[in-house]
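Take a look at the structure below.
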Amino acid sequence: MALTRRSALARLLLLTPVGGALMAARAQSQAPLKLSWLDPYREPATRLMQAATKDDFAWRRLAELTDTYGHRLSGSDNLQRAIAWAAETMSRDGLDNVRTEPVMVPRWVRGRESAEIVAPPRHPLAILGLGGSVATPPDGLEAEVLVVGSFDELRARPGEARGRIVLFNVPFTTYSDTVNYRTGGARAASQFGAVAALVRAVGPTGLRTPHTGSLQYGPGAAPIPAASVSAEDADRIARLTGRGVPVRVRLMMEARTDADVESANVVGEIRGRERPREIVLLGGHFDSWDVGTGASDDGVGCIVTWEAARLMLRLGLRPRRTVRVVLWVNEENGLRGANAYAAKYAAHAANHVFALESDSGVFEPASLGFSGSAAARGIIRDIGTLLAPVGITDIVGGGGGADIGPIAQAGNTPMVAYLGNPGRYFAIHHTPADTVERIAPGEVSRAAAAIAVLAYVVAEMPEQLPR
Ligand SMILES: [Zn+2]
């Protein structure tokens with residue numbers, strides 16, 4: 001579909017006088033001769049993109065994963081069954097050296113949870129406990145709420161938090177700006193004597209949706225229960241207290257952390273035909289939160305990187321270097337999979353010549369983030385010109401990802417992040433609405449196509465990307 005539309009557009013531009021002039025100017029300004037190094041890759045790139053977008057295979061595989069196994073929280077039976085399925089299915093696809101590499105992971109269990117305003121008039125709150133939180137006493141706890149708009153405001157009112165539930169009512173701007181309240185709110189509140197923390201959902205105001213995610217207690221403060229509360233409920237509490245009305249909340253959470261359990265990273269490869277020791281690393285994280293089905297975060301990142309390798313194999317494209325797909329475990333609440341991978345391959349870190357992670361969804365318009373040397377950036381930008389048919393036109397900063405980070409740092413490896421549209425991604429991030437219905441089949445296919453082309457060229461070109 002995308003290919004057809006584009007060639008129709010190209011014909012139209014060539015046939016109209018203005019369009020023709022535009023194309024000529026564009027051809028001059030882009031100095032096409034300089035990009036002749038790409039010529040050997042144009043035909044395989046076209047075949048990869050056509051094969052990826054001719055049907056909805058990748059979306060159906062994502063639906064099979066999320067329907068059959070559901071959420072994949074670290075340490076859960078769901079995740080273990082899904083890992084076995086992935087390894088078996090990768091083998092059936094014909095990938096080389098398919099294996100599971102053991103990793104010990106934490107096992108946090110949510111249990112039942114609820115919260116309500118008990119005075120003024122009763123009002124149930126839409127909450128989700130934060131991952132890693134401790135429980136309340138079995139009957140819950142009840143306290144008056146202190147609403148603050150920042151860590152600074154909490155520090156400026158040191159006496160008022162004691163014995164209270166602190167609500168961090170910080171409106172979502174960007175994930176990186178706001179997520180600190182989710183990860184650090186409980187610790188800060190505890191340091192001032194609070195009995196629990198509520199954190200306004202880290203996501204745009206949606207349909208009264210709390211967003212879960214991990215917290216970090218850190219040293220020097222007693223762990224207190226903590227939950228995400230929907231933006232609407234946070235606003236209501238803030239308006240009431242703003243009018244001078246004391247708000248009392250009852251919070252009940254059964255959350256607990258069990259002993260670590262054995263899990264695994266899943267690894268499959270296309271062994272390089274000339275330089276098998278040089279690794280082009282692709283992947284996403286296979287674990288998810290325990291609400292929704294982890295479709296965008298990060299089932300789809302696993303499926304599109306795996307699909308990139310499957311497409312190469314199907315088309316008989318075995319590049320010079322090894323393409324390795326890793327489905328990492330425990331990104332959400334421990335990063336144990338990424339750290340275990342970096343430890344296991346520490347002696348081979350420098351052989352990782354390129355690393356790509358997809359952990360920002362595939363919602364369009366999508367772009368590529370790059371981190372690495374200026375020379376490598378230029379090459380990635382050149383390769384990016386092949387990706388216009390699947391909608392990739394932007395190469396921005398900010399490559400990398402939580403899972404490729406440790407090994408790429410050790411190897412000084414150039415990194416790319418496949419970046420879905422953040423507005424759509426963060427609307428459902430860590431919520432019950434993270435399901436496969438949110439994603440269009442074409443978005444999955446085009447992401448797989450773009451990753452396949454990028455990985456193929458980087459694995460096939462005569463020289464490594466410059467560090
Ligand atoms: Zn993720």
Side-chain angles (χ1 to χ4, degrees), residues 62 65-66 69-76 78-79 82-83 86 103 105-106 108 128 130-132 172 174-176 178-180 182-183 201-203 209 211-216 228 263 265-266 281-306 325-341 355-363 366 369 398-408 415-436 438-439 443-444 447 451:
L62 176 63
L65 166 66
T66 56
Y69 304 101
H71 82 70
R72 298 172 304 284
L73 184 62
S74 284
S76 66
N78 284 9
L79 175 60
I83 286 171
V103 181
V105 298
W108 178 77
L128 281 173
L130 295 180
F172 178 77
T174 66
Y175 187 69
S176 57
T178 324
V179 72
N180 295 334
R182 189 195 78 208
T183 53
V202 180
T209 311
H211 295 236
T212 191
S214 62
L215 58 68
Q216 279 154 20
S228 167
S263 189
N265 293 329
V266 182
L281 183 65
L282 311 175
H285 66 85
F286 209 44
D287 66 305
S288 75
W289 283 107
D290 58 332
V291 296
T293 58
S296 273
D297 188 11
D298 181 25
V300 78
C302 294
I303 295 294
V304 294
T305 47
W306 169 2
V325 179
V326 182
L327 314 183
W328 281 279
V329 74
N330 188 227
E331 187 274 342
E332 294 292 2
N333 57 339
L335 219 58
R336 304 267 190 96
N339 289 327
Y341 181 90
L356 179 146
E357 181 157 348
S358 171
D359 185 20
S360 299
V362 296
F363 294 121
D403 295 294
I404 59 175
I407 190 75
M415 291 187 288
V416 162
Y418 190 86
L419 301 170
N421 173 273
R424 288 173 64 196
Y425 182 72
F426 285 109
I428 60 162
H429 185 243
H430 297 179
T431 76
D434 182 0
T435 66
V436 74
R438 299 292 176 299
I439 315 169
E443 293 178 315
V444 186
I451 294 165

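Just follow the structure's listing: the first ligand is 1, and inside any ligand the first atom is 1. Note that these values count all heavy atoms, side chains included, but never hydrogens, waters or copies made by symmetry.
For the Zn ion (ligand 1), the set of nearby N, O or S atoms under 2.8 Å includes none belonging to D298. With 2.8 Å as the limit, D359 counts as an N, O or S neighbour of the Zn ion (ligand 1).
No side-chain N or O of R336 forms a donor-acceptor pair with one of Y341 less than 3.5 Å apart.
Not a single side-chain hydrogen bond (donor to acceptor under 3.5 Å, both in side chains) links D434 to another residue, sequence neighbours left out. Residues satisfying the side chain to side chain contact (heavy atoms under 4.5 Å, CB included) criterion with A366, sequence neighbours excluded, are I392, Y418.
Under a 4.0 Å N-O distance rule, the pair E443/R438 does not qualify as a salt bridge.
Looking only at N/O/S atoms, D297 comes nearest to the Zn ion (ligand 1) through OD1.
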